[in-house]
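Structure first, commentary second.
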Amino acid sequence: MEPTKPRKKRTSLTDPRVEKIGIATAKLHRILKELGHMRSLEQTASTMPDARERLSFIDKSMHEASEKTISAVEVSLPLASRNRATCSELSMRLADSSFSEHQELVMETISKLGEIAMAEESLRHNLMQIMEAQEFRDVAGQMVNKIVGAAVEIESILLDILKEYAPNTKDSLISTEGLTSGPVHQARDSVNGQDEVDDLLASLGL
Amino acid sequence: MVSPNMKILVVDDFSTMRRIVRNLLKELGFTNVQEAEDGADALQKLQNDDTFEFVVSDWNMPNMTGIELLRNIRKDAKLKHLPVLMVTAEAKRENIIEAAQAGASGYVVKPFTAATLNEKLSKIFQTMAK
């Protein structure tokens, strides 16, 4: 079939990608019209709110899990610190005292208190790591938001097409709340880790 | 010598991140920490309270981004002396260059650890002491 003639000449599109998308959209319009695919398009559009809901659920679950984890760590950290201090203090007092009986038991207790104090220290270190790991929530959350944003956009494009060619289609509620653009996941011009950031900063005199 | 009482403003739109940064700072001995949820909130807090001595800010936030906050701080006569450490997931070179040019005191990419944060803070304090 003959390709449709371009309508009025618009202001020139500088980005060839935008032009491509425009051509693809026009093509999609035509094909849908010709083939009467409104039904399946309607179905596709209707799956978008569901996809958004599921993603939002994932985001909410991540948030709750992280908050719970951090709360538990916040309560546990001082416990570990206190236990360690108590062990050190007790073992020092025991070492400074003189016992006529149970000398061996006292020595063993001092040694065990030292072991407990060391274990508390690594426990504290591990708790900090658990907390630091909750950072995933930030970047992962932004990515989920970005995908939700894309779903909203796709839905609105589909709905626009539907409204034009199948005016009886029900409008679905498109929410646009909470959409923040996330970080570009490993874009070409990105640095890898803090070392490269430092190198770049050093080269900038910072 | 830096006082552990130094008043720090932590700016991030994710409450989880604010909690993590707050806890990491606490681990480093800094307990006088306040929070703001975006650049606009932070700027208002800084302008209303001149006792803040340090700002740790995310980049990507609604209302006012971290880089906009940084620029606003640098052009405010009362605030421009404040050290601003950017802590962000934006790892693009252009971001880092932009932040440095806007007057950032340091730049930390997420994910980071208490050790990295400590290192960057010490470096900024050293520069401040000079």
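A, B, ... follow the sequence lines: proteins, then strands. Residue 1 opens every chain. FYI, side chains are in, hydrogens and waters are out, and symmetry mates aren't considered; it's all heavy atoms of this structure.
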For this session: Look at B/Asp12, B/Thr88, B/Thr113, B/Asp58 and state which one has the largest set of heavy-atom pairs under 4.5 Å with chain A.
Result: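 Of the candidates given, the most pairs with chain A belong to B/Thr113.
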
For this session: Identify which part of A/Leu200 has an atom lying under 4.5 Å from any heavy atom of chain B, answering side chain, backbone, both or neither.
Result: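 Interface part for A/Leu200: side chain.
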
Problem set entry | A/Ser71, part contacting chain B, at a heavy-atom distance under 4.5 Å |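 For A/Ser71, the contact with chain B is made by backbone and side chain together.
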
For this session: Check for a donor-acceptor pair, side chain of A/Glu132 on one end and backbone N or O of B/Phe112 on the other, with a separation under 3.5 Å.
Result: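 No, the answer is negative, given that no donor and acceptor are paired below the 3.5 Å cut-off.
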
Kindly indicate whether the side chain of [X], heavy atoms from C-beta on, has any atom under 4.5 Å from the side chain of [Y].
X	Y	value
A/Arg137	B/Ile20	no
B/Phe14	A/Gln142	yes
A/Ser66	B/Arg19	no

[X] side, atom [atom1]; [Y] side, atom [atom2] - distance, nearest 0.5 Å:
X	Y	atom1	atom2	answer
B/Asp13	A/Asp138	CG	CG	7.0 Å
A/Ser203	B/Ile97	OG	CD1	7.0 Å
A/Asp198	B/Glu119	CG	CD	6.5 Å

Is it the case that over 12 heavy atoms from other parts of the model lie below 6.0 angstrom from the [atom1] atom of [X]?
X	atom1	value
A/Met118	CE	no
A/Phe136	CZ	yes
B/Lys7	NZ	yes
B/Lys123	NZ	no
B/His81	NE2	yes

For this session: Identify the heavy atoms of B/Ala89 and A/Val139 that sit nearest to each other, and give their distance.
Result: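 The answer is CB-CG2, 3.7 Å.
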
For this session: Compare every heavy atom of B/Ala100 with every heavy atom of A/Leu201, then report the nearest pair and how far apart it is.
Result: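 Of all heavy-atom pairs spanning A/Leu201 and B/Ala100, the closest is CD2-CB, 4.3 Å.
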
Exercise. Measuring heavy-atom distances to chain A, does B/Lys120 have an atom under 4.5 Å in its side chain, in its backbone, in both, or in neither?
Worked result: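 Contact with chain A: side chain only.
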
Problem set entry | Which atoms of B/Thr127 approach chain A - backbone, side chain, both or neither, heavy atom under 4.5 Å |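 Looking at B/Thr127, nothing touches chain A.
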
Exercise. Is B/Glu27 salt-bridged to A/Arg124, cutoff N-O under 4.0 Å?
Worked result: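 Yes.
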
Problem set entry | Which of A/Glu196, A/Met131, A/Gln194, A/Gln134 touches chain B most, by non-hydrogen pairs under 4.5 Å |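 Option with the top pair count is A/Gln194.
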
Exercise. Would B/Thr16 and A/Glu67 count as having a side-chain donor-acceptor pair, cut-off 3.5 Å?
Worked result: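 A/Glu67 and B/Thr16 do have a side-chain donor-acceptor pair below 3.5 Å.
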
Exercise. Please walk me through it: do A/Leu77 and B/Lys26 pass side chain to side chain contact (heavy atoms under 4.5 Å, CB included)?
Worked result: CA-CA 11 Å; A/Leu77 275 172; B/Lys26 192 173 166 193; over 6 Å; no

